[in-house]
Number of protein chains: 2
Amino acid sequence: MVLVRPQLGENIGKAARAMLNFGLTEMRLVAPRDGWPNPAAGPAASGADQVLEQAQVFDTLAEAIADCPNVYATTVRKRGVTKPVVTPEVAARKVHAGPGRSAILFGPERSGLETDDVAVAREIITVPINPEFGSLNLAQAVILVAYEWSKGVALAQPPEVDLPEPAAQEDLDGMIAQLDGMLVDANFFYPPDRTVATRRTLRTLLTKPGWSSQEVRTLRGVLSALAGAKRKKEPRQK
Amino acid sequence: MVLVRPQLGENIGKAARAMLNFGLTEMRLVAPRDGWPNPAAGPAASGADQVLEQAQVFDTLAEAIADCPNVYATTVRKRGVTKPVVTPEVAARKVHAGPGRSAILFGPERSGLETDDVAVAREIITVPINPEFGSLNLAQAVILVAYEWSKGVALAQPPEVDLPEPAAQEDLDGMIAQLDGMLVDANFFYPPDRTVATRRTLRTLLTKPGWSSQEVRTLRGVLSALAGAKRKKEPRQK
């Protein structure tokens with residue numbers, strides 16, 4: 001990630017935080033306006049100090065990207081541009097696919113990259129944005145590009161959670177049978193010629209959640225409680 | 001986008017800005033800590049006032065999501081979670097695919113969503129993040145989810161730029177012939193048995209860029225200039 005003539009130290013810090021969230025640690029700074037190091041950067045980095053400490057500073061963009069055969073310029077301005085324009089998603093795939101190191105250029109907060117900066121890039125990255133309200137700040141542009149990049153990296157695999165397996169069919173059948181018995185007792189299945197369809201509807205509905213064995217046990221407890229309550233109630237009614 | 005018990009007005013404003021960048025305008029607030037409206041929200045929204053003006057406020061999460069059959073909770077905490085965990089990308093696809101409105105829940109800045117908040121969601125959204133440095137703030141979480149959502153929307157198609165077509169083959173051949181003549185004159189093709197291979201290498205190299213007609217014309221001008229310089233020089237050497 002190459003920040004070209006960044007203005008505020010705070011934004012450099014925020015960019016560092018955005019990068020480290022997605023596992024990127026190599027930041028390069030081209031002619032930061034207020035010099036380097038900048039005391040405002042650290043607090044804004046919220047702990048991403050290692051990115052700031054390792055940041056390399058260059059006088060010119062050419063020096064900053066000298067070792068990078070693949071250069072992408074982020075910009076929203078498309079006036080007179082005659083380079084391919086890609087989304088962060090497509091750029092990330094190319095960065096991972098291609099041989100050689102890649103540099104992503106981000107311009108100064110106020111004005112963005114100049115035409116001469118864009119000229120050194122092979123392709124342009126533009127975030128597809130609301131045409132009536134495009135207001136991405138530097139750290140937001142960095143985080144979106146870093147986020148897309150991270151999708152291609154092992155560390156960023158989606159988290160896995162072991163969900164409980166659905167209960168065995170016989171467990172579910174046992175619960176359905178218990179309910180069914182209660183419903184028969186309650187004269188639920190009426191009229192009789194609709195009984196088959198109603199049972200099918202119930203089974204579909206109860207199969208859908210994929211309840212675990214534990215959940216089925218809990219529900220059987222609920223049913224038993226309801227049946228018990230009814231049994232307790234009935235003697236009184238008699 | 002449902003902000004549950006947000007703390008700072010500034011962060012509500014930043015979230016509004018993040019949303020509008022990607023075409024999302026409907027924000028709901030559940031029990032904002034400092035009341036609503038909040039004077040700190042407007043300046044932080046950087047022009048996304050329409051989102052703040054239309055924001056609806058609810059006392060409880062249940063009321064805020066009453067009309068949304070699809071509820072997603074954003075959280076990084078996976079302790080004791082027994083719900084499916086998806087990435088923002090997968091969630092966005094589901095939001096677009098499914099019938100019914102979707103609500104995405106974001107917790108308070110400091111603590112995130114409580115277990116009871118997460119319980120109402122059908123699925124959990126977790127941004128796959130650097131396991132050694134996870135430090136996404138509220139607006140960043142909102143922007144990543146909004147960005148993924150926008151990919152499924154027409155307004156967010158990647159920008160198109162009409163790149164100039166590569167020059168016609170005869171134009172390129174004309175340029176290569178011009179160069180070749182100059183190289184023959186310069187005794188470049190030596191030793192003779194390598195000439196065919198060298199010519200092929202050159203043609204490959206010159207075909208690769210896909211130069212436009214205009215670019216080829218420019219290069220022919222360069223070659224002509226070089227040839228002219230050489231011609232001018234030669235008489236002097238004689």
Side-chain angles (χ1 to χ4, degrees), chain A residues 14 16-25 45-51 76 78-90 124-137 139-141 143-144 146-148 150-151 153 155-164 212 214-215, chain B residues 14 16-25 45-51 76 78-90 124-137 139-141 143-144 146-148 150-151 153 155-164 212 214-215:
Chain A
K14 287 180 176 176
R17 177 184 179 181
M19 285 170 57
L20 193 56
N21 264 311
F22 295 102
L24 285 166
T25 54
S46 299
D49 302 284
Q50 65 174 106
V51 176
V76 293
K78 285 171 288 294
R79 291 191 293 275
V81 163
T82 52
K83 292 172 190 287
V85 178
V86 297
T87 60
E89 190 175 5
V90 170
I124 287 173
I125 299 177
T126 295
V127 179
I129 214 165
N130 183 351
E132 286 158 26
F133 181 80
S135 169
L136 278 186
N137 65 29
Q140 288 171 334
I143 206 168
L144 291 174
Y147 163 74
E148 286 288 3
S150 77
K151 287 186 187 172
V153 183
L155 75 84
Q157 288 311 298
E160 278 185 30
V161 168
D162 291 331
L163 293 178
S212 68
Q214 179 57 50
E215 289 165 331
Chain B
K14 286 180 177 176
R17 176 184 181 182
M19 286 171 57
L20 193 55
N21 264 311
F22 295 103
L24 285 166
T25 54
S46 299
D49 303 283
Q50 66 172 104
V51 177
V76 293
K78 285 169 289 292
R79 291 191 291 276
V81 163
T82 54
K83 293 174 190 285
V85 178
V86 297
T87 60
E89 190 174 6
V90 171
I124 287 173
I125 298 176
T126 295
V127 179
I129 213 165
N130 183 350
E132 285 159 27
F133 180 81
S135 169
L136 277 186
N137 65 29
Q140 288 172 335
I143 206 168
L144 291 175
Y147 163 74
E148 286 288 4
S150 77
K151 288 186 186 173
V153 182
L155 76 81
Q157 289 311 299
E160 280 184 29
V161 167
D162 290 332
L163 293 179
S212 69
Q214 178 58 50
E215 289 165 331

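Just so it is clear, the structure is predicted and the values come from calculations on it, not from any experiment. Order of the sequence lines sets the chain letters (A, B, ...), proteins ahead of strands, with each chain counted from 1.
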(message) Does any part of the side chain of Thr87(B), heavy atoms only, come nearer than 4.5 Å to the side chain of Val127(B), both counted from C-beta?
(response) no
(message) Just to verify, what does Ser46(B) make a side-chain hydrogen bond (donor to acceptor under 3.5 Å, both in side chains) with, not counting sequence neighbours?
(response) Arg17(B)
(request) Under 4.5 Å heavy-atom distance to chain B, tell me which part of Ala48(A) shows up: side chain, backbone, both or neither. (result) both
(request) Check the side chains of Tyr147(B) and Glu148(A) for a donor-acceptor pair under 3.5 angstrom, ignoring hydrogens and angles. (result) yes
(message) At a 4.5 Å cut-off on heavy atoms, which part of Ala45(B) comes close to chain A: side chain, backbone, both, or neither?
(response) backbone
(request) With a 4.5 Å cut-off on heavy-atom pairs, point out which of Leu24(B), Val90(B), Leu144(B) contacts chain A the most. (result) Leu144(B)
(message) Going by side chain to side chain contact (heavy atoms under 4.5 Å, CB included), name the residues that satisfy it together with Glu215(B), two or more places apart in sequence or in a different chain.
(response) Trp211(B), Ser212(B)
